[in-house]
2 protein chains.
Amino acid sequence: MERKTRQRQVILETLRRESRPLNPNEILALAREHIPRIGIATVYRTIREFEKEGKIEPVFIPNKGTYYEIKCAHHHDHFHCRICQKIYEVECPHSAKLSEVGNGFVVEFHEITYHGICPDCKEQTGQR
Amino acid sequence: MERKTRQRQVILETLRRESRPLNPNEILALAREHIPRIGIATVYRTIREFEKEGKIEPVFIPNKGTYYEIKCAHHHDHFHCRICQKIYEVECPHSAKLSEVGNGFVVEFHEITYHGICPDCKEQTGQR
DNA sequence: CGATTAATGATAATCGGTTCTCAATAGTCG
DNA sequence: CGACTATTGAGAACCGATTATCATTAATCG
């Protein structure tokens, strides 16, 4: 039967605290701040479990791989910062309009990924 | 100096004829209809070359990998059919509106991937 | 507190995708 | 037509991501 381990607690806390999609390596690095000897296998195992339990869900970023975020009710899109490489959640202002592309295609859902510079990096690099 | 080989001709023809993004395995399979002994290494080599020459460009589909299409001037989006797994080009009706997400994020470009059923599969499966 | 056994950490194995190696093939040009 | 050499095909090698293995650790419960 399922046990409440420090590793699982820390991984879930990390995903909650960051409130942005994290990939397995990011989760590992952040979790190691609290459990230095945690291994990548535990991260993957815990991800699989949380996903099965419906606690988290995958986010597929084009050309970047799979990230995971706390399961969330409302539809939103994602933003990839080309400086720090972090993924952020952003609001989707067009969900209603994006259910049609015409020409006989049946749209069931869509994903939008924005690319650019995040607020933190904009400030730090002086770019605007 | 650069040589005009049958392999290169067939690969470019294939991408032109299909007029949808193809991944290396799809290119290989279609090219083999004309050159049965063509190998996957040649496909990858030719892709790299065509990309360098600006003839084709990559399309990154979330959770599906990298596809390639003939370089095209106007912005468009992509559609992934969950039945036949093909990727199609579709028009982007919102390009102007999608340059802003607010909150200090600087959007440089975006990608939209639609998922659903393509016209061919809709007809064949009787789904509507 | 123990005993039980689920979970972990380290590492090997696997997997798809892509690149490299090298002998054989085939464009190109004189 | 040759000679030259870029290109090819086949398979090995490589790569990052993910999973499996297994001895050790630690959560749970009587």
Side-chain angles (χ1 to χ4, degrees), chain A residues 1-15 21-53 55-69 78 80 85-87 113, chain B residues 1-15 21-53 55-69 78 80 82 84-87 113:
Chain A
M1 167 230 26
E2 187 126 308
R3 292 177 184 182
K4 202 185 307 174
T5 66
R6 183 152 161 60
Q7 286 80 350
R8 288 175 187 167
Q9 290 171 30
V10 165
I11 288 173
L12 198 56
E13 265 172 37
T14 299
L15 284 160
L22 301 176
N23 66 25
N25 281 322
E26 290 174 323
I27 293 172
L28 180 67
L30 290 166
R32 280 196 166 152
E33 294 177 4
H34 299 89
I35 312 176
R37 299 184 59 74
I38 191 172
I40 188 69
T42 298
V43 171
Y44 276 104
R45 273 188 299 246
T46 306
I47 285 170
R48 254 183 296 170
E49 224 174 64
F50 285 176
E51 198 180 347
K52 212 169 291 172
E53 295 169 15
K55 287 197 179 80
I56 64 174
E57 61 189 344
V59 177
F60 305 111
I61 302 296
N63 203 28
K64 295 258 89 191
T66 306
Y67 290 67
Y68 297 88
E69 61 184 8
H78 295 99
H80 167 242
Q85 303 295 323
K86 282 182 192 156
I87 308 297
T113 308
Chain B
M1 166 234 21
E2 189 125 311
R3 290 177 185 182
K4 204 184 307 176
T5 67
R6 185 153 161 58
Q7 286 81 348
R8 288 174 186 166
Q9 290 170 31
V10 166
I11 289 173
L12 198 57
E13 265 173 35
T14 298
L15 284 160
L22 302 175
N23 67 26
N25 281 321
E26 290 174 324
I27 294 171
L28 180 68
L30 290 166
R32 280 195 167 152
E33 293 176 4
H34 299 90
I35 312 176
R37 300 185 57 74
I38 191 173
I40 189 68
T42 299
V43 171
Y44 278 104
R45 273 188 296 247
T46 306
I47 285 171
R48 254 183 296 171
E49 222 174 68
F50 284 177
E51 199 180 346
K52 210 169 295 176
E53 295 170 16
K55 285 197 178 80
I56 65 176
E57 61 190 343
V59 178
F60 305 112
I61 302 296
N63 204 28
K64 295 256 91 192
T66 306
Y67 290 67
Y68 296 88
E69 61 184 11
H78 296 98
H80 167 242
R82 69 168 162 84
C84 67
Q85 303 295 324
K86 283 181 190 157
I87 308 296
T113 308

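Note that these values count all heavy atoms, side chains included, but never hydrogens, waters or copies made by symmetry. By convention in this document, chain letters (A, B, ...) are assigned in the order of the sequence lines, proteins followed by strands, and residues within each chain are numbered from 1.
Residues meeting the side-chain contact (heavy atoms from CB on, under 4.5 Å) test with B/Arg45, sequence neighbours left out: B/Ala41, B/Thr42, B/Arg48. With sequence neighbours left out, B/Asn25 forms a side-chain contact (heavy atoms from CB on, under 4.5 Å) with B/Asn23, B/Ile40. Legend: residues meeting side chain to side chain donor-acceptor pair (under 3.5 Å) with B/Glu26, ordered by chain and number and at least two apart, are absent. For the side-chain contact (heavy atoms from CB on, under 4.5 Å) test, residues two or more places apart in sequence or in another chain that qualify with A/Arg3 are A/Thr5. A/Lys86 meets the side chain to side chain donor-acceptor pair (under 3.5 Å) test with no other residue; sequence neighbours excluded. In this structure, the side chain to side chain donor-acceptor pair (under 3.5 Å) partners of B/Gln85, at least two apart in sequence or on a different chain, are B/Lys64, B/His80. Taking the salt bridge (Lys or Arg N to Asp or Glu O under 4.0 Å) definition, one finds that B/Glu2 meets it with nothing, sequence neighbours left out.
For the pair A/Asn23 CG and D/dT18 P, the interatomic distance rounds to 8 Å; values are reported in whole Å. Regarding B/Tyr44, its OH atom lies at a distance of 15 Å from the P atom of D/dG9, rounded to whole Å. Per the geometry, CG belonging to A/Asn63 stands 18 Å off P belonging to D/dC15, to the nearest Å. Rounded to a whole Å, the CG atom of A/Leu28 is 13 Å from the P atom of D/dT18. Rounded to an integer number of Å, the gap from OH of B/Tyr67 to C1' of C/dG16 is 13 Å.
Between its opening and closing five pairs, the helix from C/dC1-D/dG30 to C/dG30-D/dC1 changes axis direction by 30°, a value rounded to 10 degrees.
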Go along nucleotides 3-11 of chain C 5' to 3' and tag each nucleotide: B for a protein heavy atom under 4.0 Å from its base, S when only backbone or sugar atoms are that close, - otherwise.
-> --BBSBBBB

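The residue from A/Glu57, A/Glu51, A/Glu53 that alone fulfils the salt bridge (charged side-chain N to carboxylate O under 4.0 Å, His left out) condition with A/Lys55 is A/Glu53.
Mapping B/Lys4 and B/Arg48 onto DNA chain C by nearest heavy atom places B/Arg48 closer to the 5' end of the strand.
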